[in-house]
K.L.:
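So that we are looking at the same thing, I have put the structure below in C-alpha cells.
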There are 2 protein chains.
Amino acid sequence: MKDKGISSAVTKRLPRYYRYLSDLKASGVERISSKELSEKMKVTASQIRQDFSNFGGFGQQGYGYNVDNLCTEIGKILGLDTKRKLVIIGAGHIGQALANYQGFSKRGFILSGIYDADDSVIGSRVGEYSVKPMPSLKEDIKKDDIKIAVIAVPKHAAQDVANMVCEYGVTGIWNFALVDLKAPDSCVVENVHLVESLMNLAYNISVKES
Amino acid sequence: MKDKGISSAVTKRLPRYYRYLSDLKASGVERISSKELSEKMKVTASQIRQDFSNFGGFGQQGYGYNVDNLCTEIGKILGLDTKRKLVIIGAGHIGQALANYQGFSKRGFILSGIYDADDSVIGSRVGEYSVKPMPSLKEDIKKDDIKIAVIAVPKHAAQDVANMVCEYGVTGIWNFALVDLKAPDSCVVENVHLVESLMNLAYNISVKES
DNA sequence: TGTAGTTTGACATTTTTTTCACATAATTTT
DNA sequence: AAAATTATGTGAAAAAAATGTCAAACTACA
C-alpha cells in the first residue's frame, strides 16, 4: 500500500535521485550524506532530507544514507521492483528508436512488441522485433498482461489509439504524440513533449542573449 | 531586450500555451477567453491571466485574447521568431529519430547536419542528411553559425562532446544522454531524460494500483 | 568507554507559486 | 444609446514548496 498523499513536486524528483544513486552504486560508493548528494545534484541538502523523510526516512544520524539500500527503497517507491510489460504503437522513427533502447529492462520494463497501422511496414524488423498489425493488439494485451502502451503515432491518430488500449486494459500510457491525451481513471497518462523541451531551451537561449 | 526576472514556473508553461494556441489557430479559432483556454488545458483561468500579465498582457476586457496575436507574441517570447541552426551529434537510434523529425523548421529550428564518432557510419544516410565525422564539427559550427548542439551520444562520451561544442561556440545544448551535463555560462543546457519520465509513469501506476 | 564530530529528521520560517476577488473597460444585446 | 454581460489585469490572500535550524542519535576514534 502506497501513500497517495505526497505532492508531485516531491515525487517528480524521485527518478532523478534514483538515477544518481544508481550511478553511485555502480561506481562502488557505499554511503553518502545528504550534503554530498546535494553537491552532486545541485539541490539543497535540506530538500533531499525532507524528500526522503516523506517516505519514512532511510538514513542514520552520524552516518548518512546507505547507497544500495536507499536506491532499492526509492526503486520500490517508484514501482521499479514490479516487472511491467509494454508495447510500442507506431513503428515510425520515434517508435523504432524506443524499441531499440536497451535501458528498459534495467528499470523493470519489458518490451513485448511493436505495432503499426500501416500494412507496408508490418513484418519488417525493428531491433529484435517484427512489426505486428494493429488488430493483434487486443488479443496480445490481454494474453500477455501488457500494462503500458507507448504511443508514437501521428497526432491525429493518438487519441483513438489511446481509447483503444485503455479499453483493452492497459494501466499506463507513455505518450509521444503532440497532443495531451485523455484517458479514464483506470489509466495514467504521461505525456512527453519533446518540442516543448526544445522551446524551453530556445527561451533560455533568448533570455541569455538579450 | 527580454525580461530575465520571470520565474521558471511561468516560463516552463509557455511552450504548452504555444502548442495549444498553434492548434487553435490552425483550426481557425480567432478569439479565446482565459476561461475557455483553461478548460481545454486543464489549468485555472487565473493562472493563464497571471502568466500572460507577466509579459504585459495581451488581452482585451470583454473580448478575450486574439489567438493569432497571442500565439505570435508567445512565439516571440520563446525566441521562435529567430531562426536557429542546430547539429545532431550521435547517429544512433535517437539521433536518427531526431534527424527525421519534421517539426523543427515549423518552430524556427534548422537542422544543419548530423555527426558521429564511429567511422563505420560516416557517410551513411539519415533522412536527407549524410553522417559527417566529428572533426568536421569545429569548422562547421563556426562557418555555419550553429547555435544549438543536440547531444545523442552514449553517457560516457556526452560531457566531452558538450565541452567541445561549447568551446566551438554553441549557445545551447539539448541533451539526450543519461547524465546532467555541465556547461559554461555562455551555454544553456536542457537535459531530456526519457527514463525519468517513464519512471514517473511507473510511480503513478503504482500509486493507483495500491 | 568516553568524547568529539557528524548527520539525520522534524519543525519553524521564509520564499515562491497559485488562487481569489474585484475594479475597470470593452463587447454585446436590447 | 443604455443596460447587461463578458472578461481582463492586478493586488491581496491562501496554499504550497523550499530552506534554515537544531535537538537527538549515531559514528568514529582514542
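In what follows, chains are A, B, ... by sequence order, proteins preceding strands, each numbered from 1.
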K.L.:
Answer with yes or no whether the side chains of A:R19 and B:H193 bring together a donor and an acceptor at under 3.5 Å.
P.N.:
yes
K.L.:
In whole Å, I'd like the distance from the CG atom of B:N66 to the C1' atom of D:dT8.
P.N.:
15 Å
K.L.:
What's the angle between the local helix axes at either end of the helix from C:dT1-D:dA30 to C:dT30-D:dA1, using five pairs per end and rounding to 10 degrees?
P.N.:
30°
K.L.:
When the ring planes of A:W174 and A:F176 are compared, do they come out parallel, tilted or perpendicular, using 30° and 60° as the limits?
P.N.:
perpendicular
K.L.:
Just the rounded figure in Å: distance from C1' of C:dT16 to CG of B:N54.
P.N.:
13 Å
K.L.:
Which whole-number value in Å describes the distance from B:K35 NZ to C:dC20 C1'?
P.N.:
16 Å
K.L.:
Rounded to whole angstroms, how far apart are CD1 on A:I32 and C1' on C:dT8?
P.N.:
15 Å
K.L.:
Taking A:D180 first and then B:K42, would you say they form a salt bridge - that is, a charged N and a carboxylate O separated by under 4.0 Å?
P.N.:
no
K.L.:
Using a heavy-atom distance cut-off of less than 4.0 Å, which residues of residues 56-65 of chain A contact DNA chain C?
P.N.:
A:G57, A:F58, A:G59, A:Q60, A:Q61, A:G62, A:Y63, A:G64, A:Y65
K.L.:
Give a yes/no verdict on a cation-pi contact between B:R31 and B:Y65, requiring under 6.0 Å between NZ or CZ and the six-membered ring centre and an angle within 45° of the axis.
P.N.:
no
K.L.:
In terms of side-chain heavy atoms, does A:Y168 have a donor or acceptor partner in A:D140 at a distance below 3.5 Å?
P.N.:
no
K.L.:
Does the side chain of A:S206 pick up a donor-acceptor pair with the side chain of B:R84 at under 3.5 Å?
P.N.:
yes
K.L.:
Would you check if the distance from the ring center of B:F55 to the ring center of B:F52 is below 6.0 Å?
P.N.:
no
K.L.:
Could you tell me the separation between the NZ atom of A:K12 and the C1' atom of D:dA17, rounded to a whole number of Å?
P.N.:
12 Å
K.L.:
Between B:N163 and B:Q159, is any side-chain donor less than 3.5 angstrom from a side-chain acceptor?
P.N.:
yes
K.L.:
Measure from the side-chain N and O atoms of A:R13 to the backbone N and O of A:I48, and report whether any donor-acceptor pair falls under 3.5 Å.
P.N.:
no
K.L.:
With the threshold set at 4.0 Å, does a side-chain nitrogen-carboxylate oxygen contact exist between B:D68 and B:K25?
P.N.:
yes
K.L.:
With a 4.0 Å limit, can you tell me whether A:S7 has a side-chain N or O closer than that to the phosphate oxygens OP1/OP2 of D:dA17?
P.N.:
yes
K.L.:
Given atom NZ of B:K42 and atom C1' of C:dT19, what is their separation to the nearest angstrom?
P.N.:
19 Å
K.L.:
I'd like to know if the side chain of B:S136 and the backbone of B:K132 have a donor-acceptor N/O pair within less than 3.5 Å.
P.N.:
no
K.L.:
Check this one for me: any side-chain N or O of A:S34 less than 4.0 Å away from OP1 or OP2 of C:dT8?
P.N.:
yes
K.L.:
Return the residues of residues 43-51 of chain B meeting this criterion: a heavy atom under 4.0 Å from some atom of DNA chain C. Order them by number, or give none.
P.N.:
B:T44, B:S46, B:Q47, B:R49, B:Q50
